[in-house]
Amino acid sequence: MQNKILKNRVLFLAYDQGLEHGPSDFNDKNIDPKYVLNIAEKGRYTGIIFQKGIAEKYYNKKKNKTPLILKLNGKTQLLKGDPFSPTLCTVKEAIKLKAKAVGYTIYPGSIHEAKMFKEFEKIEKEAHENNLPVIAWMYPRGKSIKNELDKNILAYSARIGLELGADIIKMKYNNNPTDLKWIVKSAGKTKVVISGGAKKDPKELLKQTKDIISAGAVGLAVGRNIWQYKEPLKITKALKSIIFKNKSVNEAIKYLKQGL
Ligand code: FBP
């Protein structure tokens with residue numbers, strides 16, 4: 001499958017938090033999808049992650065250069081209990097929107113795991129028949145998961161991604177590069193990208209990124225740490241220098257201080 005999304009190293013910009021978390025993640029600037037799409041375009045991201053509502057209204061199939069990754073399921077934070085993220089958009093709609101890949105969240109360990117496996121199977125089949133890569137957000141969660149950042153639970157989730165046919169899996173990082181090496185190994189030929197999480201000190205993010213890449217992950221799918229940062233293009237440049245040019249953390253930090 002020839003696709004930019006499947007490059008050896010990637011940096012995806014995630015902007016599905018409006019559904020997953022609600023507008024509490026946003027300020028006056030980044031509540032506007034145009035602001036975030038502009039960061040992806042100027043920062044030359046490998047992909048931008050939208051739900052279909054935002055893609056339909058803001059992503060211009062002809063003008064925008066950033067490959068679209070369409071998230072096909074989602075849920076809110078309002079409902080409590082074991083999570084289930086239903087399908088909200090079809091592969092056909094994704095193709096119409098000119099998506100270059102589709103995304104789907106699975107919560108391994110949830111009492112609804114079987115339903116998500118079934119939905120994922122349909123999506124994976126149809127996407128692959130149409131040469132679209134599939135990215136699975138593998139987030140172990142639910143009453144039976146005591147610690148979602150446990151090495152074995154993360155490695156099991158990574159392996160599930162491989163078993164189910166995901167091309168890329170998106171995982172949380174437990175801040176342990178040795179654990180991540182095992183998790184990446186468990187994923188086999190399925191590539192691993194790491195999500196950003198809540199906004200942290202940029203130097204911490206750069207250090208984590210260096211460790212993540214050294215452990216064998218192919219990049220990041222990051223949201224809040226970019227579009228909540230005061231100068232998103234500077235942090236983008238710094239991250240890209242580590243991901244694509246193998247620069248050191250100290251070299252990358254320089255980009256935070258330089259003019260653009
Ligand atoms: P962030 O980098 O902002 O954490 O985004 C990554 C992401 O996976 C989003 O795609 C998604 O909206 C969110 O995190 C879900 O995180 P959680 O389920 O932990 O709230």
Side-chain angles (χ1 to χ4, degrees), residues 5 10-27 29-31 33 35-37 39-40 43 45-55 66 68-86 88-89 99 101-110 112-113 116 134-142 145 147-150 153-154 157-158 161 166 168-175 191-202 204-206 208-209 212 217 219-229 232 235-236 238-239 243:
I5 304 281
V10 298
L11 179 60
F12 303 142
L13 190 59
Y15 191 65
D16 59 336
Q17 291 81 354
L19 176 64
E20 300 288 333
H21 302 155
S24 58
D25 277 354
F26 303 143
N27 61 22
K29 275 188 185 168
N30 58 38
I31 195 159
Y35 175 78
V36 175
L37 183 52
I39 297 171
Y45 275 75
T46 329
I48 177 118
I49 300 161
F50 283 153
Q51 284 281 350
K52 84 165 175 188
I54 296 208
T66 317
L68 173 65
I69 299 168
L70 205 70
K71 191 73 202 306
L72 300 189
N73 69 341
K75 63 159 199 52
T76 72
Q77 263 187 355
L78 302 171
L79 274 177
K80 301 299 169 202
D82 273 39
F84 170 59
S85 186
L88 306 170
C89 176
V102 292
Y104 184 97
T105 302
I106 297 176
Y107 296 107
S110 161
H112 308 294
E113 178 193 271
M116 289 176 278
V134 179
I135 305 173
W137 277 229
M138 299 304 295
Y139 289 172
R141 220 167 268 180
I145 303 290
N147 174 10
E148 53 185 71
L149 293 179
D150 173 78
I153 296 285
L154 287 169
S157 301
I168 301 177
I169 51 173
K170 180 170 191 283
M171 310 273 306
K172 306 251 177 199
Y173 180 50
N174 73 358
N175 233 337
K191 297 166 192 260
V192 178
V193 297
I194 297 295
S195 75
K199 186 162 167 263
K200 50 187 81 102
D201 177 72
E204 178 60 23
L205 178 71
L206 295 175
Q208 276 188 0
T209 305
I212 285 164
L220 298 182
V222 61
R224 289 167 285 178
N225 277 284
I226 305 297
W227 41 257
Q228 287 180 351
Y229 190 68
I235 188 80
T236 299
L239 285 173
I243 297 174

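Note that ligands are numbered from 1 as they come in the structure, with each ligand's atoms numbered from 1 the same way. Source: prediction; values computed, not measured. Both backbone and side-chain heavy atoms feed into the values below; hydrogens, waters and symmetry mates do not.
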Can you list everything that forms a salt bridge (Lys or Arg N to Asp or Glu O under 4.0 Å) with D150? Sequence neighbours excluded, please. none
Check: residues 10-19 side-chain donor-acceptor pairs under 3.5 Å, at least two apart:
unit_1: Y15; atom_1: OH; unit_2: N30; atom_2: O; d: 2.6
unit_1: Y15; atom_1: OH; unit_2: I31; atom_2: O; d: 3.3

Drop me the distance from Q208's CD to D201's CG, to the nearest 0.5 angstrom. 10.5 Å
Sequence neighbours excluded, the answer for salt bridge (Lys or Arg N to Asp or Glu O under 4.0 Å) partners of R224 is none
Answer with yes or no whether the side chains of T236 and Y229 bring together a donor and an acceptor at under 3.5 Å. no
T105 and K170 side chains, donor-acceptor separation under 3.5 Å: no
Proximal protein residues to ligand 1, non-hydrogen atoms under 4.0 angstrom: A14, D16, Q17, E20, H21, W137, Y139, R141, K170, K172, S195, G196, G197, V222, G223, R224
